[in-house]
Amino acid sequence: MTQTQEAQDFDHAIKDEDIEKAQLLIGVDAPISINEHHQQAGVDTIRQFAIGYGDDNPLYVDPDYAAGTRWGGPIAPPMIHSSLSKKMLGDPIPEDIRKATRGLFSGVHVFVSGQDTEWFAPVRPGDELYGFGGMESTELKTSEYAGRSVIRVRRAVRINQRAEVVAIERTILIVTERKKSRERGKYMDLEPATYTDEQIAEIDEIYAAEGPRGAEPRWWEDVAVGEALPKMVKGPLTLTDMICFHAGGYGFGPYGIGGARVGYKNRQRVPKFYIKNAAGIPDVAQRLHWENEWSQSIGNPMAYDYGVMRECWLTHYLTDWMGDDGWLVRQHDEMRKFNFIGDTQVLTGEVVGKRVDNGNGVVDVEFRATSQRGEVTAPATATIALPSKEFGAVVLPQPDRELRRKAAAMMARHNELAHGQKR
C-alpha cells in the first residue's frame with residue numbers, strides 16, 4: 001500500500017452529528033488531565049525552552065543575571081505553559097456528556113490557527129502548572145484552504161501549585177477534512193525557498209542588530225504612538241529548527257510520543273494517530289511538521305512549523321523590546337498562512353495606543369510575521385505594561401475574583417484526590 005493510499009484510508013469526513021454533539025461541551029469546565037513535556041519548572045527547563053525557539057535573553061537563560069532583576073531570579077518566557085503542565089485531578093466531564101462526545105471529530109485533521117492569551121504571574125524554578133477549562137465555542141465555516149471546516153475555541157486556565165492564576169489561553173482550533181485539503185491543493189504549486197549568499201547576508205544583518213533591551217527600563221513616558229519596533233527575523237526555517245524546538249522545550253506536547261517501546265505502547269493506545277509511511281512503518285500523523293512526503297499527501301507542498309512555535313517567536317519579539325521590567329499583559333495572534341520549511345519570517349510592529357490601565361502605563365502594539373514572499377503569515381496585537389516615572393514599577397494584573405475562587409477550589413479538589421491516592 002502506498003503512503004497516499006494509506007492517507008486516503010485515514011481520511012474521514014466531518015460529520016454533522018459531531019458538530020451537533022460538540023455543542024454539549026460548550027461551557028463545561030474540567031481538569032486538564034494530561035502531562036506536558038515538562039512537569040516542573042527548573043533553571044534548565046526555562047533555559048532550554050527559551051533556547052529551543054531561539055531566545056537567548058539572559059533573564060531566561062542566565063540565573064546570575066536574572067538574580068539582579070526585579071524578579072530576583074530566572075522567570076520563564078511567556079509561552080512556557082505550552083510545554084509545562086502536570087495532570088490535574090478533579091471531577092471529570094459528566095458521564096453522559098463524555099459518552100456522547102467520545103471519538104468526536106476522529107480521523108480528521110486539527111491544527112492550531114491562533115491564540116488569545118493573558119498573563120498574570122511569572123513561572124519560576126520549582127513551580128508546577130496545572131490547568132482546567134473546556135470549549136467556549138464551535139462553529140461551522142467554509143475555509144479557503146480546506147472547504148468545509150469547524151472552528152473551535154478552547155479555553156484553558158493555567159494555575160500554579162499555590163492556586164495562583166498564571167495565564168488564560170484561548171486556542172483557535174481548525175478541524176478540516178484531509179481529503180478535501182488534498183484535492184483542493186491550494187499550495188501544491190509552491191516552490192521551496194532558496195537563497196543566494198547575498199540574501200543570507202541580509203538576514204544575518206537583521207540577526208546581528210537584534211538583542212533584548214535588558215536592564216535599561218523602557219519608560220512608558222518615553223514611548224510614542226506610531227513608534228516602530230525594530231525588526232526581528234526567524235529563519236530560514238530548517239529541520240534543525242524543528243528538532244531544537246522539540247528537544248528544547250515543546251517535546252511532543254500531549255501526544256505521548258516516544259521512541260522504541262514507549263512509541264509501541266503509545267501506538268497501542270492511539271492507533272489512529274499512526275499511519276504507515278512509504279516503507280510500511282506506522283508513524284505519527286504529526287510528522288507532517290518534518291516529513292515532506294506525508295505533508296504532501298494531505299495537501300501541503302512541504303513540511304511546516306507549529307502555530308505555537310510562531311507564537312513563541314511573537315512573544316520573543318515583544319519581550320526583547322519591553323525589557324526586564326515590562327510585563328506582557330495580553331497577546332492575540334492568528335496563523336493566516338503556513339510557514340514552510342525554508343521560509344523566512346521578518347517580524348515588524350508599531351505602537352498604536354498608549355493609556356493608563358489599573359494603575360499601570362500600558363501600550364498597545366500591532367505587529368506581524370511576514371514571509372520572504374511578502375505575505376503576512378501571522379498578524380498579532382498585544383498589550384504591554386511598562387515601568388513609569390510617574391506610576392512606578394509595573395503591578396501585575398489580577399484575574400477576576402470569581403476565577404480566583406474557582407482556581408482555589410480546583411486546586412483544593414486536586415490536592416484532596418492526590419492525598420487520597422498516596423494513602
Side-chain angles (χ1 to χ4, degrees), residues 53-55 57 59 77-79 112-120 153 167-172 206 209-214 216-235 307-337 339 344-400:
Y53 67 85
D55 188 348
N57 190 330
L59 181 60
M79 288 297 296
V112 173
S113 179
Q115 191 162 280
D116 190 285
T117 309
E118 301 170 84
W119 289 273
F120 300 94
V153 176
I168 304 172
E169 62 189 71
R170 290 175 171 84
T171 305
I172 305 168
I206 301 175
E210 290 179 12
R213 184 173 181 87
E216 181 183 357
R218 185 175 293 282
W219 299 109
W220 177 73
E221 287 83 357
D222 296 340
V223 176
V225 173
E227 177 180 331
L229 278 63
K231 286 182 180 180
M232 176 179 281
V233 68
K234 296 290 187 180
V308 69
M309 188 178 194
R310 257 180 290 172
E311 285 166 341
C312 288
W313 292 352
L314 293 167
T315 59
H316 182 191
Y317 184 61
L318 300 176
T319 55
D320 259 16
W321 179 78
M322 71 190 191
D324 297 342
D325 296 321
W327 183 257
L328 179 55
V329 176
R330 174 189 166 273
Q331 177 175 297
H332 174 85
D333 53 73
E334 299 175 12
M335 302 299 117
R336 296 276 184 87
K337 300 283 185 180
N339 178 34
T344 300
Q345 304 293 329
V346 175
L347 281 66
T348 56
E350 52 280 332
V351 177
V352 296
K354 182 178 176 180
R355 55 200 164 86
V356 177
D357 185 29
N358 292 323
N360 282 326
V362 303
V363 295
D364 298 311
V365 175
E366 290 184 0
F367 61 120
R368 69 220 47 93
T370 305
S371 74
Q372 78 283 356
R373 298 182 186 89
E375 298 176 329
V376 174
T377 68
T381 60
T383 298
I384 301 168
L386 295 173
S388 166
K389 298 170 185 176
E390 178 180 355
F391 309 119
V394 169
V395 177
L396 295 181
Q398 286 289 315
D400 66 67

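This chain uses plain numbering: 1 for the first residue, then up along the sequence.
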**Item:** H316 side chain reached by K234 side chain, heavy atoms, under 4.5 Å
**Value:** yes
**Fill in**
Between the CG atom in D320 and the CG atom in N57, the distance rounded to the nearest 0.5 Å is 6.0 Å
**Request:** Check L328 against A382 and note the closest heavy-atom contact, atom names and distance.
**Result:** CD1-CB, 4.1 Å
**Asked** Would D364 and R355 count as a side chain to side chain contact (heavy atoms under 4.5 Å, CB included) if you check the C-alpha gap in whole Å, the side-chain angles of each, and the deciding distance to 0.1 Å?
**Response** CA-CA 8 Å; D364 298 311; R355 55 200 164 86; 2.9 Å; yes
**Asked** With a 4.5 Å heavy-atom cut-off, do V362 and W327 have their side chains touching?
**Response** no
**Item:** D55 and T319, any side-chain heavy atoms less than 4.5 Å apart
**Value:** yes
**Asked** About how many Å separate OG1 of T383 and NE2 of H332, when rounded to the nearest 0.5 Å?
**Response** 12.0 Å
**Request:** To the nearest 0.5 angstrom, please state how far the CG atom of L318 sits from the CG atom of L347.
**Result:** 8.5 Å
**Message:** Around atom CZ of R336, are there more than 12 heavy atoms from other residues, nucleotides or ligands closer than 6.0 Å?
**Reply:** no
**Asked** Which atom pair, heavy atoms only, marks the closest approach of E311 to G114?
**Response** OE2-C, 3.5 Å
**Asked** If every non-hydrogen atom of L386 is compared with every non-hydrogen atom of W321, which pair is closest and at what distance?
**Response** CD1-CH2, 4.2 Å
**pair E210-V233: side-chain heavy atoms closer than 4.5 Å** = yes
**Request:** Mark yes or no for whether Q372, through its side chain, and T344, through its backbone, hold a donor-acceptor pair below 3.5 Å.
**Result:** yes
**Request:** Report the residues that fulfil side chain to side chain donor-acceptor pair (under 3.5 Å) with R218, sequence neighbours left out, ordered by chain and then residue number.
**Result:** none
**Asked** Is any side-chain heavy atom of N358 less than 4.5 Å from a side-chain heavy atom of Q398?
**Response** no
**Item:** Side chain K354, main chain W220, donor-acceptor under 3.5 Å
**Value:** yes
**Prompt:** For L314, does its backbone N or O pair with a side-chain atom of R310 as donor and acceptor, under 3.5 Å?
**Reply:** no
**Request:** Using a 4.5 Å cut-off on heavy atoms from C-beta on, say whether the side chain of L396 contacts that of W119.
**Result:** no
**Complete:** Nearest heavy-atom approach of T377 to Q345 is OG1-OE1, 2.9 Å
**Request:** Kindly assign one of parallel, tilted or perpendicular to the pair F367 and Y317, based on the angle between their ring planes and the thresholds 30° and 60°.
**Result:** parallel
**Prompt:** Hey, are the side chains of P77 and M79 touching, using non-hydrogen atoms and a 4.5 Å cut-off?
**Reply:** no
**Item:** Ionic contact status for E334 with R368, cut-off 4.0 Å
**Value:** no
**Message:** Going by side chain to side chain donor-acceptor pair (under 3.5 Å), name the residues that satisfy it together with D333, two or more places apart in sequence or in a different chain.
**Reply:** Q331
**Request:** Calculate, to the nearest 0.5 Å, the distance between atoms CD1 and CZ belonging to I168 and R330 respectively.
**Result:** 12.0 Å
**Item:** OG1 on T348 to CD on E366, rounded to 0.5 Å
**Value:** 11.0 Å
**Contact summary for E221 and K389, nearest pair of heavy atoms** = OE1-N, 3.0 Å
**With sequence neighbours excluded, residues passing side chain to side chain donor-acceptor pair (under 3.5 Å) with T117** = Q115
**Message:** If you compare all heavy atoms of N360 against all heavy atoms of A393, which two are closest, and at what distance to 0.1 Å?
**Reply:** OD1-O, 4.2 Å
